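Note that the structure is predicted; figures quoted are calculated from it, not measured. Note: hydrogens, waters and symmetry copies are ignored here, and every other heavy atom, side chains too, is used. Lettering of chains follows the sequences in order, A, B, ..., and the numbering in each one begins at 1.
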Amino acid sequence: MGQPKGLVSENAYTILNEVEEKRVSLIAALQKIQARYRYLPETAMRQVAARLRVPVSQVYHVATFYSAFSLKPKGRHIVNVCLGTACHVKGAGLILDRFKRELKVDEGDTTEDGQFTLQAVRCIGCCSIAPAVMIDTETHGYVRQDKVADIIKRYRESKEK
Amino acid sequence: MIKSLADLEKAASEGARNIHPPYLKVMVGAATCGIASGANEVIAAAEESIKLIGNGAVVTRTGCIGMCYEEPLLDILKPGWPRLTYSHVKPEQVAGILEAVKDGKVIKEGLLGKIEEIEDITRNTRNTRYRFPLEKVPQEVAEAEHLFKLPFTDKQQHLAMRNCGIIDPESIEEYIARGGYFGLYEVLTEMEPDEVIDMVDKAGLRGRGGGGFGTGRKWRYCKQTEGYRYVICNADEGDPGAYMDRSLLESDPHSVIEGMLIGAYALESQQGYVYVRAEYPLAMQRLQKAIDDAYAHGLLGEVIFGTEFSFNLRIVKGGGAFVCGESTALMASIEGKPGEPRAKYVHTVEKGLWNQPTVLNNVETWANVPLIINKGADWFASIGTEGSKGTKIFSLVGNVERAGLVEVPMGITLKEIIYDIGGGIPGGKRFKAIQTGGPSGGCIPESLLDLEVDFDTLWEAGSMMGSGGMIVMDEETCMVDVAKFFIEFLKDESCGKCVSCREGLSQMHEILRRITEGEGQESDLDLLEELGKVMQDSSLCALGSSAPNPVLSTLRFFRDEYLAHIREKRCPAAVCTALIHYEINENCTGCTLCAKNCPVHAIAGKVKKLHVIDQDKCIKCGVCQDVCKFDAVTRNTRNTRNTHSSEKPS
Ligand SMILES: Cc1cc2nc3c(=O)[nH]c(=O)nc-3n(C[C@H](O)[C@H](O)[C@H](O)COP(=O)(O)O)c2cc1C
């Protein structure tokens with residue numbers, strides 16, 4: 001998928017060495033790989049299993065249990081629309097719908113150009129400024145539907161950091 | 001390195017000089033909520049202007065004082081003056097505010113209040129208050145309101161939040177200056193481990209994470225089992241609508257570390273973990289800095305204060321699963337496994353992490369521990385109600401005028417919280433319910449607003465304390481939709497291990513979906529209650545056994561709303577999309593704004609002529625209503641022409 005296999009294993013090498021040396025947990029190992037590749041490539045999961053001496057099935061169990069992991073590559077920017085209770089009563093569902101229409105993707109999917117992954121999240125703890133949206137690590141409060149296009153534009157234009 | 005009382009006092013005086021320096025200090029509230037409201041831009045503007053002032057003037061960051069609705073907040077600490085707080089500060093205002101201050105003047109616009117004294121709540125020298133030395137105070141300052149006497153703050157008592165918005169969360173010296181780590185010193189040098197447990201027990205501290213289990217009792221149970229004991233801090237904060245744990249970690253991380261150190265000493269534990277959810281990057285970063293500083297000062301690691309006590313602390317980053325807030329699931333997750341709860345025939349205090357005796361407490365619980373040591377068990381037990389001692393932080397959010405974190409003594413009424421502190425419902429709308437206890441909690445109606453809030457009273461009202469989220473709902477909130485919202489949340493988050501929880505939630509969700517789409521039957525309500533009963537009886541963990549609560553509590557107090565959806569195919573609050581439509585009324589001036597903003601071009605009309613919505617094209621997103629400046633767009637449900645006026649009691 002996207003990345004050539006050889007490259008994955010080569011780059012994963014340093015992560016895996018660290019994993020083995022420090023005897024970090026399976027979750028922490030996968031977090032490192034997710035952070036590097038923005039998803040868990042199959043080859044990397046197999047290698048983690050081998051290094052930590054656990055069955056591949058266990059790696060797959062963990063990888064699919066936690067929402068922080070993805071088996072598909074994620075976009076450059078992660079758009080997390082908060083659907084916590086406070087955001088819900090302030091119309092977060094409609095904000096999510098608007099992001100879907102503007103980005104032309106469904107919840108959980110990535111835009112064709114690989115720029116954005118749209119996700120719904122259950123509370124980012126910014127209830128006082130509901131409805132809230134977190135893009136990468138930046139939080140936007142009091143989001144209104146008619147401002148959604150502007151918000152997206154700011155990230156689309158921003159050069160890769 | 002801090003090895004003795006003298007070292008601690010030296011750090012304290014250094015910290016005190018940073019909190020109240022002999023030069024001008026500008027402080028900006030920069031927790032996640034402040035930053036999202038523009039705190040970083042305000043800081044940048046302040047740093048720019050402060051250069052012109054010179055004389056050692058500085059700009060620093062502080063955490064969240066709880067007044068999220070007033071953010072961004074900017075504080076001025078000028079020697080000889082009380083502390084001044086400005087609210088809703090815009091970057092372009094900063095230069096003006098600071099120039100005036102430099103000239104000994106004060107701009108009144110945006111000035112929220114002043115602080116003339118603060119309680120040194122954890123100071124080892126007990127009962128002291130820090131008074132700002134005052135001289136040559138301008139008239140405007142003399143006349144300013146007291147920040148802690150505003151309607152929002154007057155009934156609050158900041159114990160767990162004692163340092164929030166007062167100190168720089170990244171400065172260990174400032175924490176120490178406020179009495180921090182003096183409690184740890186006292187415990188390590190003067191108390192036996194079991195005396196500490198007795199003290200926490202006597203104080204009556206109950207767990208702030210949900211269950212309200214007695215903290216001292218929990219520690220004692222754990223102590224009875226031999227093994228390599230662990231202490232864990234639960235910072236998974238999964239309840240939607242609650243963010244006090246995030247705020248504590250971002251505003252005062254050392255209070256949690258000190259609490260854990262004291263607990264570890266009492267339990268003779270050498271290793272601790274803080275399990276933080278991945279959605280809280282700033283909390284994790286500030287906590288990591290605090291842990292690093294504590295190591296660098298010798299307050300974590302080996303031979304702390306020159307005693308035999310050693311303790312190591314590590315952060316574990318969560319993987320994004322609500323169920324991992326549950327004790328057994330959390331421990332499985334720290335071990336690197338999927339976070340699936342197990343049956344608790346054997347409790348985690350006996351066999352927890354890596355099968356060793358383990359104490360798990362919530363962030364707020366840990367933050368309260370140093371206070372009890374410093375001020376005494378009797379002092380702590382004198383606050384609150386018979387069965388629930390101390391204070392609780394609530395996140396007061398939703399349809400409420402002043403949204404923020406409020407820390408109040410247990411026993412305060414819901415009415416005081418919503419109306420006196422929160423300022424009531426915005427826009428002249430009517431109160432409908434307050435939701436407490438997260439997804440396992442319930443919705444409390446107007447008739448119970450005199451309830452004196454503590455662990456037990458909320459339980460009796462069919463809800464629970466949970467971690468302290470309070471979401472105020474007005475008349476435009478549909479209670480069936482709210483029930484569906486929670487069930488959908490829990491359906492997504494159920495780990496799937498128990499059939500009753502996994503399948504029960506799916507079925508409940510399907511039934512609620514039908515009702516909200518006008519396809520429900522009256523027998524569905526009995527079915528919901530029956531399903532709820534089975535789930536309560538046959539799920540392993542509290543996620544499943546409390547999952548029906550949102551449905552059962554709304555059925556108990558708002559049954560008529562369910563019936564309106566079923567019998568009349570009507571959503572009284574005009575929320576459920578399938579049962580509503582938008583219309584444009586005669587207020588329309590033909591400004592065309594709605595037509596321009598409609599994402600599906602469903603609105604037709606000429607300039608200065610009444611506009612019309614094509615109901616076949618309309619996707620009911622409501623943008624037209626949001627952008628209309630003339631109140632010309634109404635959201636209607638069947639049998640009512642205009643819910644906004646007809647549903648509102650006059
Ligand atoms: C599904 C579920 C989720 C929970 N989430 C949290 C949480 O996010 N934070 C928390 O402190 N406790 C949570 N709890 C409660 C914990 O299991 C545990 O009781 C608590 O952390 C103990 O700390 P305390 O005694 O200080 O409250 C949760 C419980 C369940 C069943």
Side-chain angles (χ1 to χ4, degrees), chain A residues 23-31 34 52 54 58 61-69 80 82-95 97-98 101-102 119-130 132-134 136-149, chain B residues 32-33 35-37 68-69 71 237-243 245-247 278-282 316-322 324 333-340 395 397-399 403-405 435 438-439 469 471-474 477 482 485-486 489 492-493 495 597 599 619 621-623 626-627:
Chain A
R23 293 209 273 140
V24 303
S25 80
L26 175 54
I27 295 177
L30 295 181
Q31 275 168 342
Q34 173 81 39
L52 294 180
V54 294
Q58 195 179 324
H61 191 178
V62 168
T64 51
F65 183 87
Y66 293 101
S67 63
F69 302 125
N80 279 310
C82 181
L83 293 188
T85 322
C87 289
H88 177 79
V89 302
K90 294 210 165 178
L94 296 171
I95 301 286
D97 288 344
R98 186 64 177 239
R101 286 200 301 276
E102 295 285 344
Q119 303 180 154
V121 4
R122 301 300 191 166
C123 200
I124 51 173
C126 290
C127 318
S128 57
I129 51 174
V133 174
M134 186 156 112
D136 304 330
T137 54
E138 260 175 21
T139 308
H140 301 258
Y142 308 111
V143 177
R144 288 168 44 137
Q145 281 194 61
D146 50 327
K147 295 279 179 288
V148 167
Chain B
T32 298
C33 43
I35 292 171
S37 312
C68 309
Y69 65 102
E71 297 201 277
E237 192 157 73
D239 281 7
Y243 62 101
D245 295 347
R246 167 180 72 66
S247 190
E279 288 86 348
Y280 286 176
L282 185 63
V316 176
K317 180 177 162 187
F322 172 71
C324 283
S333 184
I334 293 181
E335 293 173 10
K337 300 179 190 144
E340 286 166 7
S395 52
V397 294
N399 304 126
L405 287 182
Q435 203 279 339
I471 298 94
V472 182
M473 297 173 176
D474 68 14
T477 313
V482 166
F485 163 79
F486 282 115
F489 175 98
D492 288 350
E493 297 294 344
C495 79
N597 276 284
I619 54 166
C621 70
V623 163
D626 289 347
V627 298

Can you see which heavy atom on [X] is nearest to which on [Y], and at what distance?
X	Y	result
A:Gly84	B:Pro240	CA-CB, 3.8 Å
B:Gly318	A:Gln31	O-NE2, 3.1 Å
A:Val62	B:Gly336	CG2-O, 3.8 Å
B:Pro281	A:Thr137	CG-CG2, 4.4 Å
B:Arg246	A:Ile124	NE-O, 4.2 Å
B:Pro338	A:Tyr66	C-OH, 3.5 Å

Counting heavy-atom pairs closer than 4.5 Å to chain A, which one of [options] comes out on top?
options	answer
B:Gly241, B:Cys495, B:Gly238, B:Ala242	B:Gly241
B:Lys317, B:Met473, B:Glu279	B:Lys317
B:Gly339, B:Ala321, B:Pro599	B:Gly339

Region of [X] that comes under 4.5 Å of a non-hydrogen atom in chain A:
X	value
B:Phe322	neither
B:Ile35	neither
B:Ile619	side chain
B:Ser395	neither
B:Ser247	neither
B:Asp245	neither
B:Glu493	side chain

Measure the [atom1]-[atom2] distance between [X] and [Y] for me, rounded to the nearest 0.5 Å.
X	Y	atom1	atom2	value
B:Glu340	A:His61	CD	NE2	4.0 Å
B:Asn597	A:Asp146	CG	CG	5.5 Å
B:Glu335	A:Leu26	CD	CG	12.5 Å
B:Asp492	A:Arg122	CG	CZ	5.0 Å
B:Tyr69	A:Ile129	OH	CD1	15.5 Å
B:Phe489	A:Leu83	CZ	CG	10.5 Å

Donor-acceptor contact present, side-chain [X] to main-chain [Y], <3.5 Å:
X	Y	answer
A:Tyr142	B:Ser37	no
A:Ser67	B:Gly320	yes
A:Ser128	B:Ala403	no
B:Glu237	A:Gly125	no

- Heavy-atom pairs under 4.5 Å with chain B, option from A:Arg98, A:His140, A:Gln58 with the top count: A:Arg98
- Working for side chain to side chain contact (heavy atoms under 4.5 Å, CB included), residues B:Val397 and A:Lys90: CA-CA 10 Å; B:Val397 294; A:Lys90 294 210 165 178; over 6 Å; no
